[in-house]
Number of protein chains: 2
Amino acid sequence: MPVELTPSQALGLWHTVSLEQVRVDGRDLTLRQMAILLQIYLVPPPHTVRGLAATLGVTKPVITRALDTMGALGLVDRVRDDRDRRNVVIKRTVDGALYLEKFGDLIIDQGRKQPK
Amino acid sequence: MPVELTPSQALGLWHTVSLEQVRVDGRDLTLRQMAILLQIYLVPPPHTVRGLAATLGVTKPVITRALDTMGALGLVDRVRDDRDRRNVVIKRTVDGALYLEKFGDLIIDQGRKQPK
DNA sequence: TTCAAAAGAAACGCTTGCGTAACGGTCCGT
DNA sequence: ACGGACCGTTACGCAAGCGTTTCTTTTGAA
């Protein structure tokens with residue numbers, strides 16, 4: 001059961017969610033960081049720097065830096081892979097799950113407010 | 001007729017749209033810039049720096065800088081208000097309308113792809 | 001055992017956004 | 001006509017992200 005949106009609803013939803021997120025959340029993650037965060041939490045693990053870089057279509061340092069930032073915020077965690085110690089496995093955190101849960105609620109709330 | 005979303009659909013939609021936007025669009029507007037852009041195009045004019053700052057809950061220089069950036073990209077335009085020459089009225093552009101139209105299409109497309 | 005390849009991080013210089021504070025132009029009541 | 005209030009911009013020092021390049025560790029095959 002897909003989500004059917006009119007053009008007005010689509011942009012209106014993005015508008016009100018962005019607006020509310022700007023007003024409420026001081027963190028102001030970039031679009032890239034948000035895409036990485038959602039990828040980590042919505043797609044089955046394991047996640048690696050290399051894999052995320054390929055999925056996003058960006059270079060590896062972009063992922064490393066984003067993980068630095070979001071790690072400092074407690075939204076993700078990094079653990080060395082013992083199978084292949086060159087790899088780093090990105091782990092979810094309770095804070096990260098909570099953050100996205102609240103963000104999901106925001107989207108749902110704003111979706112309900114879209115007219116037409 | 002509001003938009004009813006499950007938690008999975010809400011985050012999934014944001015996920016796939018962000019991902020596609022990162023892959024396709026090199027501009028990478030910040031969340032603030034996107035919120036400003038949508039405010040300008042979805043809410044009836046006139047728009048001023050002061051008004052946008054109040055709506056977004058940010059300071060005026062934030063708006064000025066965002067307008068600098070998006071102006072250079074051709075997404076918005078600025079015109080002095082002849083009624084009160086202290087004011088600057090923010091104008092929409094053809095390029096900006098086109099940009100948001102494509103973005104809206106992206107949201108609609110990704111919405112259709114959300115399961116459940 | 002040796003060595004090229006791979007993964008992630010760190011280093012480099014640059015660009016862009018931030019918050020605060022100060023500034024120049026404009027309006028309007030006195 | 002003067003002075004305060006208002007509007008948007010600019011200046012300043014700082015923090016964070018970017019792309020490219022280099023480095024370190026680890027792996028696996030010759």
Side-chain angles (χ1 to χ4, degrees), chain A residues 18-19 21-40 45-92, chain B residues 18-19 21-40 45-92:
Chain A
S18 300
L19 219 53
Q21 185 70 1
V22 166
R23 277 197 281 241
V24 167
D25 187 20
R27 268 167 285 204
D28 199 24
L29 296 187
T30 68
L31 187 65
R32 285 177 167 189
Q33 290 169 345
M34 191 50 119
I36 293 168
L37 193 62
L38 286 164
Q39 181 74 16
I40 293 168
H47 297 287
T48 64
V49 172
R50 179 182 83 272
L52 290 172
T55 301
L56 279 275
V58 299
T59 58
K60 289 189 295 179
V62 168
I63 306 296
T64 295
R65 278 187 300 250
L67 294 179
D68 287 345
T69 301
M70 295 191 292
L73 294 174
L75 300 178
V76 297
D77 202 3
R78 272 185 281 202
V79 178
R80 272 283 162 199
D81 182 0
D82 278 327
R83 307 290 236 175
D84 183 340
R85 297 187 50 74
R86 288 173 303 181
N87 291 342
V88 163
V89 179
I90 291 99
K91 297 290 190 186
R92 302 167 185 171
Chain B
S18 301
L19 219 52
Q21 186 71 359
V22 166
R23 277 198 282 242
V24 167
D25 187 19
R27 269 167 284 205
D28 199 24
L29 296 186
T30 67
L31 186 64
R32 285 176 167 189
Q33 291 169 344
M34 191 49 121
I36 293 169
L37 193 64
L38 287 164
Q39 181 75 16
I40 293 168
H47 297 286
T48 64
V49 172
R50 179 182 82 273
L52 290 172
T55 301
L56 278 274
V58 299
T59 59
K60 290 188 296 178
V62 167
I63 305 296
T64 295
R65 279 187 299 250
L67 294 179
D68 287 345
T69 301
M70 295 191 293
L73 295 174
L75 300 178
V76 298
D77 201 5
R78 271 186 280 201
V79 178
R80 272 282 163 201
D81 183 359
D82 277 327
R83 306 290 237 176
D84 183 341
R85 298 187 50 74
R86 288 173 302 180
N87 292 341
V88 163
V89 179
I90 291 99
K91 298 289 190 187
R92 301 168 183 170

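Residue numbers start from 1 in every chain, and the chains themselves are labelled A, B, ... in the order their sequence lines are given, proteins ahead of strands. All values below come from the heavy atoms of this structure, side chains included, with hydrogens, waters and symmetry mates left out.
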*In the 5'-to-3' direction, what one-character label does each nucleotide of nucleotides 12-26 of chain D receive under the scheme B = base within less than 4.0 Å of a protein heavy atom, S = sugar-phosphate only, - = no such atom?*
-----SBBBB----B
_Within the structure provided, determine whether B:L29 and A:L31 are in side-chain contact (heavy-atom separation under 4.5 Å)._
no
*Heavy atoms of chain A, cut-off under 4.0 Å: which first and last nucleotide of DNA chain C, 5' to 3', fall inside that, if you could look?*
C:dA6 to C:dA10
*Side chains of B:V62 and B:L56: closer than 4.5 Å at any heavy-atom pair?*
no
_Tell me the interatomic distance from B:L67, atom CG, to D:dT10, atom P, rounded to whole angstroms._
12 Å
_Whole-Å distance separating the CZ atom of B:R83 from the P atom of D:dG8_ = 17 Å
*More 5' along DNA chain D: B:V89 or A:D81, using each one's nearest nucleotide?*
B:V89
_d(CZ, A:R50; P, D:dT27) in whole Å_ = 14 Å
*List for me each residue that meets salt bridge (Lys or Arg N to Asp or Glu O under 4.0 Å) alongside B:R92, sequence neighbours excluded, and say none if there are none.*
none
*Of all the heavy-atom pairs spanning B:V49 and B:I90, show the shortest one and how long it is.*
N-CD1, 3.8 Å
*Provide the closest heavy-atom pair for B:R86 versus B:R80 in the form atom of the first, atom of the second, distance.*
O-NH1, 3.0 Å
*Mind checking whether A:I40 and A:L52 have side chains closer than 4.5 Å, heavy atoms only?*
yes
*Does a side-chain heavy-atom distance below 4.5 Å link A:T55 with B:R23?*
yes
Could you go through residues 65-77 of chain A and list every donor-acceptor pair under 3.5 Å that involves a side-chain atom there, pairing it with any protein atom two or more places apart or in another chain?
from  : atom 1 : to    : atom 2 : distance (Å)
A:D68 : OD1    : A:R78 : NH2    : 2.3
A:T69 : OG1    : A:R65 : O      : 3.2

*asked:* Over the length of the helix from C:dT1-D:dA30 to C:dT30-D:dA1, how much do the five-pair end axes diverge, rounded to 10 degrees?
replied: 10°
_Separation of atom CD1 in B:I63 from atom P in D:dG8, rounded to whole Å_ = 10 Å
*Mind checking what makes side chain to side chain donor-acceptor pair (under 3.5 Å) contact with B:Q33, not counting sequence neighbours?*
none
_Heavy-atom nearest nucleotide on DNA chain D for A:D82 versus B:D68: which residue maps closer to 5'?_
B:D68
*State plainly whether the residues A:D81 and A:R83 are in salt-bridge range, i.e. N to O under 4.0 Å.*
no
*asked:* Within the structure provided, determine whether B:I63 and B:R50 are in side-chain contact (heavy-atom separation under 4.5 Å).
replied: no
